[in-house]
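Notes follow the structure.
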Amino acid sequence: MRVFKKVDEIKAYLRKQQNKGKTIGLVPTMGYLHEGHQSLIRRASAENDIAVVSIFVNPIQFGEGEDFERYPRDIDKDMQAAEGAGAMIIFAPEVREMYPDGYKTYVEVKDITEVLCGASRPGHFRGAATAVLKLFNIVRPDKAYFGRKDAQQAVVIKRMAEDLNSDVDIVVCPIVREDDGLAMSSRNIYLSGEERKQALALSKSLKMAGNLIIKGERNAEKVKKAIHDMISENDLAAIDYISVVDVETLKDVDRINGRILIALAVKFGATRLIDNLTVEV
Ligand code: AMP
C-alpha cells in the first residue's frame, strides 16, 4: 500500500496507472476507520483494479462550534484497517494541500442540502460536496463509494455528479451496524456508557417504524410520532429531527408510498448521531 499526501504526486501516480488501463475505485472518508468504512473499501477493491481511500477531516464541512478540532484521528490504525480491507492507495492530504492560500471555489447543491441535516448544519453539504468534487478531480475514479449511513450526503453527491456531468459512477452501500443495531460511526467513541445504551433507541425506533409500515401504516405523521415517543423515553436524547421524505427529492411526504427515507438525527450531549431507513411500499 502507498500513502500520498501531495495532490501532484498522487495525480502523477494514478494517471500512469490509468494509462495502463487500470480502473480506480475511490472511498472518501474522514478517517478513524471502522467496519462501515471497510465494507466500502472491500467493495471498491473487489470492483476495481485499484482502491484509493482518502482520509481527510474536511474543515469546511464543519460548522462553528462543531467537532472539527476534536474529531477522532488515528492515521496508523487507519492505514492497517484500509490495507486489511484491500486498499492499495491512501490519500491523506493536509488541510493546506486541499485549501491553499487564495482558495475561493465551492460547490453549492441547492434545496436538497437545506433540509434534514442541512437545516441544522448550514454549509455542511457545501463543504462536503466541494471536497468530494476535488477528490474526483484529483483521483479521477471510475467509481466512488458512499455509505447509506449518510443518506442525504449520498443523494447530494449523486445530484452533484449528475448536474456537473461527472463520469464518476456513484455507488451507495448498505449501513453497517454494531451487533446490537447501533449504526457504526467514528463519533460513537464520544458516547458515555449511558449515552451508548440510550443511543440504541435510534435503530430500534427505525426498526419499529419499518414494522408499522409493514403492518399497513401509511400516515407519515403517525410514524414520526411513534419514533419520537420511543426515542423520548431516553432522558439523554435530544431529537434534532425525525423526517419521512421522498428518497430523491428529500421532500416531506404525508402518505407513505413508493420509496421513502425515514431519517433522523439525535443529540446525546455534544454528540450528534444520525440513522435512517429506506422503505419501499
Ligand atoms: P465518514 O468518515 O464518516 O465521512 O464516512 C466516510 C464514508 O463512509 C461515507 O460515505 C459514509 O456514509 C460511510 N460510512 C460511515 N459509517 C458507515 C456505516 N456504519 N455503514 C456504511 N457506511 C458508512
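One-based numbering, in listed order, for ligands and for the atoms of each.
Taking the charged nitrogens against the carboxylate oxygens, D111 and R159 have no contact shorter than 4.0 Å, which rules out a salt bridge. Between E35 and R42 there is a salt bridge, since a side-chain N of the basic residue sits under 4.0 Å from a carboxylate O of the acidic one.
D246 is linked by a salt bridge (charged side-chain N to carboxylate O under 4.0 Å, His left out) to nothing, counting only residues two or more places apart in sequence or in another chain.
Residue I214 is found outside any hydrophobic cluster, as its side-chain heavy atoms come under 4.5 Å of no other Ile, Leu, Val, Met, Phe, Trp or Tyr. In the hydrophobic clustering, I175 connects to no other residue, as no ILVMFWY side-chain heavy atoms lie under 4.5 Å from its own.
For ligand 1, the 4.0 Å heavy-atom shell contains residues P28, T29, M30, H34, G36, H37, L40, Y71, F146, G147, K149, D150, Q153, P174, I175, V176, M184.
At a cut-off of 3.5 Å, with distance as the only test, no side-chain donor of Q18 or D142 sits close to an acceptor on the other residue.
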